[in-house]
Number of protein chains: 2
Amino acid sequence: MIRAMEYNAKQLQIIEVAERLFAGKGFSGTSIRDIAHEADINVSMISYYFGSKEKLIEALFEVRSVESAARLETIISNEDLSPLQKVYILIDSAIEKLMGNQCFHNIMLREQLSGDDRTPVISDRIFQLKYKNWKGLESIIHEGQQKGHFRENVDISLLSATLYGTINQVITTQSFFRKINNLEHLSQAEFEKVLKRKLSIHLKSIFKATVTYETIE
Amino acid sequence: MIRAMEYNAKQLQIIEVAERLFAGKGFSGTSIRDIAHEADINVSMISYYFGSKEKLIEALFEVRSVESAARLETIISNEDLSPLQKVYILIDSAIEKLMGNQCFHNIMLREQLSGDDRTPVISDRIFQLKYKNWKGLESIIHEGQQKGHFRENVDISLLSATLYGTINQVITTQSFFRKINNLEHLSQAEFEKVLKRKLSIHLKSIFKATVTYETIE
DNA sequence: TAATAAATCAAACGTTTGTTTGATTTTACT
DNA sequence: AGTAAAATCAAACAAACGTTTGATTTATTA
């Protein structure tokens, strides 16, 4: 039985600072002196607590991966919801999760772009997270197909790619989105609210048209 | 009148090697000694030809941006095509472009993730590329709406995000896609062909359901 | 062919990198 | 209070970094 590592307050503080800096400048682009300075600690504390810079980002992934677990299971196993309702909740849950952890998901996207297995520990974690999400969507779609609500010829992989790809695209290009839609007068919080609502409507409409026999209203 | 810089064969060779390495390990993660070694040249040649490492990646963006220009205009201005046909061609064109320049688009995605304006030259180029693509889709949608073929309540920004986000997601997670769909026996070339066809069908189906009044067959 | 310019090279430059050291302070426990 | 462990620090470490230098070779031109 593998026990999850526990981190004290100081370690978590370092992890949080590292998360923000990695998101902004990338792993290679961020020095441990940057992190130490922002976290107001001595440079040697990072090696002292984590062993190395590499182990630090692995610790970050461990913490965030554990946080991200479960949640999906509660949606799927809810007997009171129709398959389409479950899909809708899954969409909103994905939007909330990705928009709420923009720094971490920025780092995840960067790591996905690194084709080489420089960091097999992290690659494994990303694979597991993606597999879990994919399995969740698959089980909901299958349930809808068995109940006759959903079409049979649904490409779940691509549907999953559209869900997460669209959200990622909106998040990574949000300043562009803001300019194009003349939303530069809004505060960041207000803008994110608008973005979430628009994304939710858009993705639900796509999923409805793609998986059900119904048409868009 | 700003003239596009011209690069000799040696410079282009360096740019190509740099493109491959930047895509694999990121800009900060790639040293000019890596590039020099792979390109089989002396380290000083990079400063000699480009001035600096920073200018090298700017040169890469200049070359690839110039290549990417036009093409869109020929689709839009073709009078013989219906709006939906134009959308379909735009989709296939986007798939072809992103899948055919995976290294460069990997780098573009990385640069988009770097929030800070460490490289305003590159940020500007990315903005222009995105703006051009967005304008292209917008003009086609508007034409379809004027002709009464397309719905009025179409969110073009999000539609654009779905188009490019889905393709990017598929490309960046293609090894995952391969495992999940049991396509590991295929060669890379065969796999990419399958991927392109699936993507094309998927995205066209989504666009048809989202912008037209017709239903999916 | 002689003179000039361009290209290439090994070597060195000064920084910055991640990490370690060893002394010192703070905390925890009996 | 006294001792052991944990935490913190400035300093040093070797390695890697991007860039420059100055000599040497190759190519061009007259």
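For clarity, every value in this text was computed on a predicted model and none was experimentally measured. FYI, side chains are in, hydrogens and waters are out, and symmetry mates aren't considered; it's all heavy atoms of this structure. To find a chain, count down the sequence lines: A is the first, B the second, and so on, and within it residues start at 1.
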Under-4.0 Å side-chain N/O to phosphate OP1/OP2 contact, B:S44 with C:dC9: no
Nearest whole angstrom, please: distance from the C1' of C:dT20 to the CD1 of A:I46. 14 Å
Establish, with yes or no, whether the OP1 or OP2 oxygen of D:dT8 is under 4.0 angstrom from a side-chain nitrogen or oxygen of A:Y48. no
Against the side chain of B:V43, the closest entry in C:dT8, C:dG18, C:dA11 is C:dA11
Is the distance from the ring center of A:Y7 to that of A:Y49 below 6.0 Å? no
To the side chain of A:I32, which of D:dG18, C:dA7, C:dG18 is closest? C:dG18
Roughly, in whole Å, what's the span from CD1 in A:I41 to P in D:dA10? 12 Å
With a cut-off of 6.0 Å (strictly less than), are more than 12 heavy atoms of other residues, nucleotides or ligands near NE2 of B:H37? no
If you compare every side-chain N and O of A:K53 against the phosphate oxygens of C:dT17 (OP1, OP2), does one of them come in below 4.0 Å? no
Indicate yes or no: does A:E38 engage A:R20 in a salt bridge with an N to O separation below 4.0 Å. yes
With a cut-off of less than 4.0 Å, is there a side-chain N or O of B:K10 near OP1 or OP2 of C:dA6? no
If the cut-off is 4.0 Å, is A:Y49 near the phosphate of D:dT8, judged by side-chain N/O to OP1 or OP2? yes
Rounded to whole angstroms, how far apart are CG on A:D40 and P on D:dA7? 18 Å
If you check the B:N42 side chain, which of D:dT19, C:dC9, D:dC9 turns out closest? C:dC9
Protein-nucleotide distance (A:H37, atom NE2; D:dA10, atom C1'), rounded to Å: 16 Å
On DNA chain C, compare the nucleotides closest to A:S28 and B:M45; which residue's is nearer the 5' end? B:M45
If you check the B:N8 side chain, which of D:dT19, C:dA7, D:dA10 turns out closest? C:dA7
Are side-chain N/O atoms of A:S175 and A:K179 paired as donor and acceptor at under 3.5 Å? no
